[in-house]
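The structure under discussion appears below in the form of structure tokens.
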Number of protein chains: 2
Amino acid sequence: MEFSEEIRKELIESGKITDPKSPRGVVLNTAARLFRRKGYLQTTVRDIGRETGILPGSIFHHYRSKDEILRTVMEESIVLNLGRLKRALESRPALEDRLRTLISVELYAMNGETGEAWSVMVDEWRNLSEEGKATILRLREEYEGIWLDVLREAHQAGVVTMEPDILRKLLAGSLHWTPTWFRHGGGLSLEDLTDRVWQLATGHRP
Amino acid sequence: MEFSEEIRKELIESGKITDPKSPRGVVLNTAARLFRRKGYLQTTVRDIGRETGILPGSIFHHYRSKDEILRTVMEESIVLNLGRLKRALESRPALEDRLRTLISVELYAMNGETGEAWSVMVDEWRNLSEEGKATILRLREEYEGIWLDVLREAHQAGVVTMEPDILRKLLAGSLHWTPTWFRHGGGLSLEDLTDRVWQLATGHRP
DNA sequence: CATTGTAGACCAAACGCTTGCTCAAATTCG
DNA sequence: CGAATTTGAGCAAGCGTTTGGTCTACAATG
């Protein structure tokens, strides 16, 4: 995850994700944190206002609706982590490294500094409007496609034995669940955790 | 899961879970289904009323609050599935069978006929009142204790290699996620799925 | 240099609606 | 009859959102 900040800067400068220093960005990151902590429905526009120091009504100067905030949190989160994933894969051509990278990047997406947003995407899917779902779905499909490509290759090479689509879903569950119990500085690092999930996927110790 | 209906009857007759034919039971099962489909917060008391044919006001004759309905859904679900698990373990003394039973029972709890309630317990935890959490937590600890006992034994015997507590959490994630993608009659049975999760846990094909 | 215009950010108040829940009266039933 | 149950109207609170207007910074104009 060495270059994850680098990519973030690139995406901010190219305008693909909102500058966290801008009012829009402040609202966005605050909202992501609150959505994660209390849930989307339990978070009121007034809550976001209080935490950002912006009055509730003024939030709607920056976003058309609360739903647009949720959609933006999800959208920018997947853009960011898709960027991280692609970049990480470029520098690791070996098959087993690529599988490990997938695990590692997703663990980082869920539990790293920008982990709130990715968690929100997983947990609050049902609260997204229909148009929102359509937008996010396209991005998610690209992300899942990368996973399946690598897993299929790994299956063919005998690195994993389970059917790729089932394995992905089981692993996705394991990974999505980690934020509920994993805490930094608790004797288990994200690297350690990557090892364990790798072992789960391949059946072999790393 | 042959005897799962049997145990349900026993628990109903002994009054440990609500009779589904009683007004309380009708409300309970309807609520569980709605909570699962739309989420607890998105489900209104009026929704439950409409589906049960009971007017909103009358719901509160059977339950003190909406929160009490949620708590009861969770509580009875864990009582039922804890009963199923204990019964199933009694008839399977071999270590490897017991591990497989744990997986199988939890998959059934999430995806079987009474799967709505168990899903609600996992997904709507944050929406439970503080007293509710305390009640459910005690029951959950008993359930998790059984898992850890078996996993520790399996670890000592070399059936699994990962640390029991980490393995349990990773498996819990996989299992909790299954309702989002698993559908009956889709070429993959719950038995097949049990095999896959077993393989995930042990690293060996069943 | 002073004035005016413009645009983004923000404020204060309130609107319309939904929510969980209450309650007195009516009804049903043992 | 009396107790349990159901009814339907309605309350108080909270929600997302709208509105009309102010403040500030800065560029254009005379």
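Chain identifiers are assigned alphabetically (A, B, ...) following the order of the sequence lines, protein sequences preceding nucleic acid strands; residue numbering begins at 1 within each chain. Small disclaimer: the values here were computed from a predicted structure and weren't measured.
- Near DNA chain C, meaning a heavy atom under 4.0 Å from it, residues 60-72 of chain B has B:Phe60, B:Ser65, B:Lys66 in order of number.
- Evaluation of the salt bridge (Lys or Arg N to Asp or Glu O under 4.0 Å) test over residues 99-112 of chain A, restricted to residues two or more places apart or in two chains, returns A:Arg100-A:Asp195, A:Glu106-A:Arg168.
- Among the heavy atoms of the strands lying under 4.0 Å from A:Thr43 are primed sugar atoms or P, OP1, OP2 only; no base atom is included.
- With sequence neighbours left out, A:Arg152 forms a salt bridge (Lys or Arg N to Asp or Glu O under 4.0 Å) with A:Asp149.
- The side chain to side chain donor-acceptor pair (under 3.5 Å) check on A:Arg87 picks up A:Glu10, with sequence neighbours excluded.
- A donor-acceptor contact shorter than 3.5 Å is absent between the side chain of A:Lys38 and the backbone of A:Arg33.
- B:Tyr143 and B:Trp118 have their aromatic ring centers within a separation under 6.0 angstrom.
- Chain A approaches DNA chain C within less than 4.0 angstrom (heavy atoms of the protein), and the contacting nucleotides run 5' to 3' from C:dG8 to C:dA14.
- Contacts classified as side-chain hydrogen bond (donor to acceptor under 3.5 Å, both in side chains) and involving residues 15-28 of chain B (residues at least two apart or in different chains) are given here: B:Thr18-B:Glu76.
- For the pair B:Ile59 CD1 and D:dT7 P, the computed distance is 10 Å after rounding to whole Å.
- Between the side chains of B:Asn29 and B:Glu116, no donor-acceptor pair is found at a separation under 3.5 Å.
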What does the B/S/- profile of nucleotides 8-13 of chain D look like, 5' to 3', with a 4.0 Å heavy-atom cutoff to protein? B-B---
Which donor-acceptor pairs under 3.5 Å do side chains of residues 169-178 of chain A form with protein atoms, sequence neighbours excluded?
residue	atom	partner	partner atom	Å
A:Ser174	OG	B:Leu170	O	2.6
A:Ser174	OG	B:Ser174	OG	2.8
A:His176	ND1	A:Ala172	O	3.2
A:Thr178	OG1	A:Asn111	ND2	3.1
A:Thr178	OG1	A:Leu175	O	2.7

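- Heavy-atom distances under 4.0 Å link DNA chain D to no residue of residues 19-37 of chain B.
- With sequence neighbours excluded, no residue forms a ring pair (Phe, Tyr, Trp, His ring centres under 6.0 Å) with B:Tyr63.
- In this structure, A:Arg183 places its CZ atom where more than 12 heavy-atom neighbours from other residues, nucleotides or ligands lie under 6.0 Å away.
- A donor and an acceptor atom, one from each side chain of B:Arg84 and B:Thr114, are located under 3.5 Å apart.
- Partners of B:Ser58 according to the side chain to side chain donor-acceptor pair (under 3.5 Å) rule, which considers only residues two or more places apart in sequence or in another chain, do not exist here.
- Annotation: side chain to side chain donor-acceptor pair (under 3.5 Å) contacts of B:Ser189 (sequence neighbours excluded): B:Asp192.
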